[in-house]
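Below you'll find the structure, written out as structure tokens, and then a few comments.
Owing to the predicted nature of the structure, the values given are computational and were not obtained by experimental measurement. Chain naming here is simple, since letters A, B, ... match the order of the sequence lines and numbering starts at 1 in each.
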Amino acid sequence: MGCGKYDNNLINLYIDGELDGPGAEEFCKHLESCGVCRGELKELESALSGIKKAVLPPAPENIRRRVMEKLARVRKTARTLYLLVPAAAAAAVLLASYISLNRTKPGHVTDYVNTQINYLYGESLVDVYADDDKDNTVIGLILGGEDI
Amino acid sequence: MPVPDRTVLDAQRGDLEAMGQIYSAYIDLVWNISLKMTLNRTHAEEAASEVFLRIFRKISKFKFRSSFKTWVYRLTVNTVINYIEKEKRRKTWYIDEERLEREYGVPAAQEDPAEKDMCGKLLAGLRQRERMLLILREIEGMSYCDIAEAAGMSIGAVKTGIYRARESLRRAYKSMEA
Ligand SMILES: [Zn+2]
């Protein structure tokens with residue numbers, strides 16, 4: 001790439017308008033006499049305008065519907081949980097003490113109730129509060145991303 | 001059009017109307033990146049939905065240290081790349097060449113038909129990381145500094161990445177011309 005005198009790094013700086021005054025002047029002069037650099041610059045500019053040109057279809061309205069419906073649903077569940085979870089926890093304690101008083105397999109029932117509570121937490125709150133994102137992995141993904 | 005801080009604060013408190021306003025302000029940005037990265041309408045719809053759900057899931061963590069827009073870019077970049085990786089693992093990933101042409105084509109009457117699907121084909125010929133960097137730089141018109149923040153990379157790595165991506169693009173263009 002490049003004619004030997006200038007490499008594409010310089011063409012990039014030129015395109016970004018980052019060449020300093022004398023550098024830019026010198027490169028412009030070189031462009032006049034060098035077909036290789038002129039050709040590569042022209043190709044690059046055409047290619048760049050090629051990806052800028054396309055008129056994309058507008059975003060379909062069903063994305064908004066999908067997102068807002070899910071948000072409304074999650075919020076409703078979360079509200080129910082605020083009421084439900086303390087009640088369920090109280091019920092669990094009561095049940096557990098009742099059962100242990102009666103000495104009949106306390107483990108099973110409390111486990112069951114706890115599972116239910118965890119399930120409720122997991123199912124609904126995961127949408128609102130879970131921090132499952134490893135933001136830093138984007139470096140790895142971008143730098144090491146596979147080809148499509 | 002950036003949203004006022006007030007709206008972000010309302011959304012952080014779970015105000016659905018504020019979330020709707022944020023959606024309206026950023027859907028074009030998110031849709032553009034989703035569609036140009038996935039090059040597939042169905043995937044783009046799913047990816048864009050995921051982006052917004054993630055924005056609202058994480059919005060309480062936004063501390064006004066960067067601009068909200070940069071933060072939205074960052075989540076968009078992360079989510080769309082994660083989405084593509086996930087779909088590739090599930091083997092449902094594909095770029096449909098015919099649909100690419102239909103969906104990327106500018107209306108035929110408006111432009112030279114030869115240029116119709118150039119954008120989609122050029123982008124499809126790039127590696128995923130190159131595509132993302134060029135979308136942010138050339139299409140979204142972001143500064144190297146903002147891209148570095150959005151992509152979680154150093155400015156040096158962003159510059160090198162973009163220079164290489166431009167070279168791939170130039171070659172892809174050259175082979176299309178030939
Ligand atoms: Zn030259």
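- The parts of Ser46(A) that come within reach of chain B are both its backbone and its side chain, each placing non-hydrogen atoms under 4.5 angstrom from that chain.
- A donor-acceptor distance shorter than 3.5 angstrom exists from the side chain of Arg131(B) to the backbone of Leu126(B), with no hydrogens or angles considered.
- The aromatic ring centres of Phe68(B) and Tyr26(B) sit less than 6.0 Å apart.
- Using a 4.5 Å cut-off between heavy atoms, Arg64(A) touches chain B through backbone and side chain atoms alike.
- Of the atoms belonging to Arg171(B), not a single heavy atom falls under 4.5 Å from chain A.
- Using modelled atom types, one side-chain atom of Asn78(B) and one backbone atom of Arg74(B) make a donor-acceptor pair closer than 3.5 Å.
- Classified by interplanar angle (parallel below 30°, tilted 30° to 60°, perpendicular above 60°), the ring pair Phe52(B)/Tyr23(B) is tilted.
- No part of Glu50(B) comes within reach of chain A, as not one of its non-hydrogen atoms sits under 4.5 angstrom from that chain.
- For chain A, no part of Thr79(B) is nearby; none of its heavy atoms comes within less than 4.5 Å.
- With chain B as the partner, the residue from Asp16(A), Asn62(A), Leu44(A) showing the most heavy-atom pairs under 4.5 Å is Asp16(A).
- Heavy-atom pairs under 4.5 Å with chain A were tallied for Ile139(B), Val30(B), Ile59(B), Leu169(B); the largest tally goes to Leu169(B).
- Ranked by non-hydrogen atom pairs under 4.5 Å with chain B, the options Gly50(A), Pro60(A), Ala72(A) are led by Pro60(A).
- Between Tyr163(B) and Tyr144(B), the angle of the ring planes goes over 60°, which puts this pair in the perpendicular group of the 30/60° scheme.
- For Lys52(A), the NZ atom sits in a packed shell: over 12 heavy atoms of surrounding residues, nucleotides or ligands are nearer than 6.0 Å.
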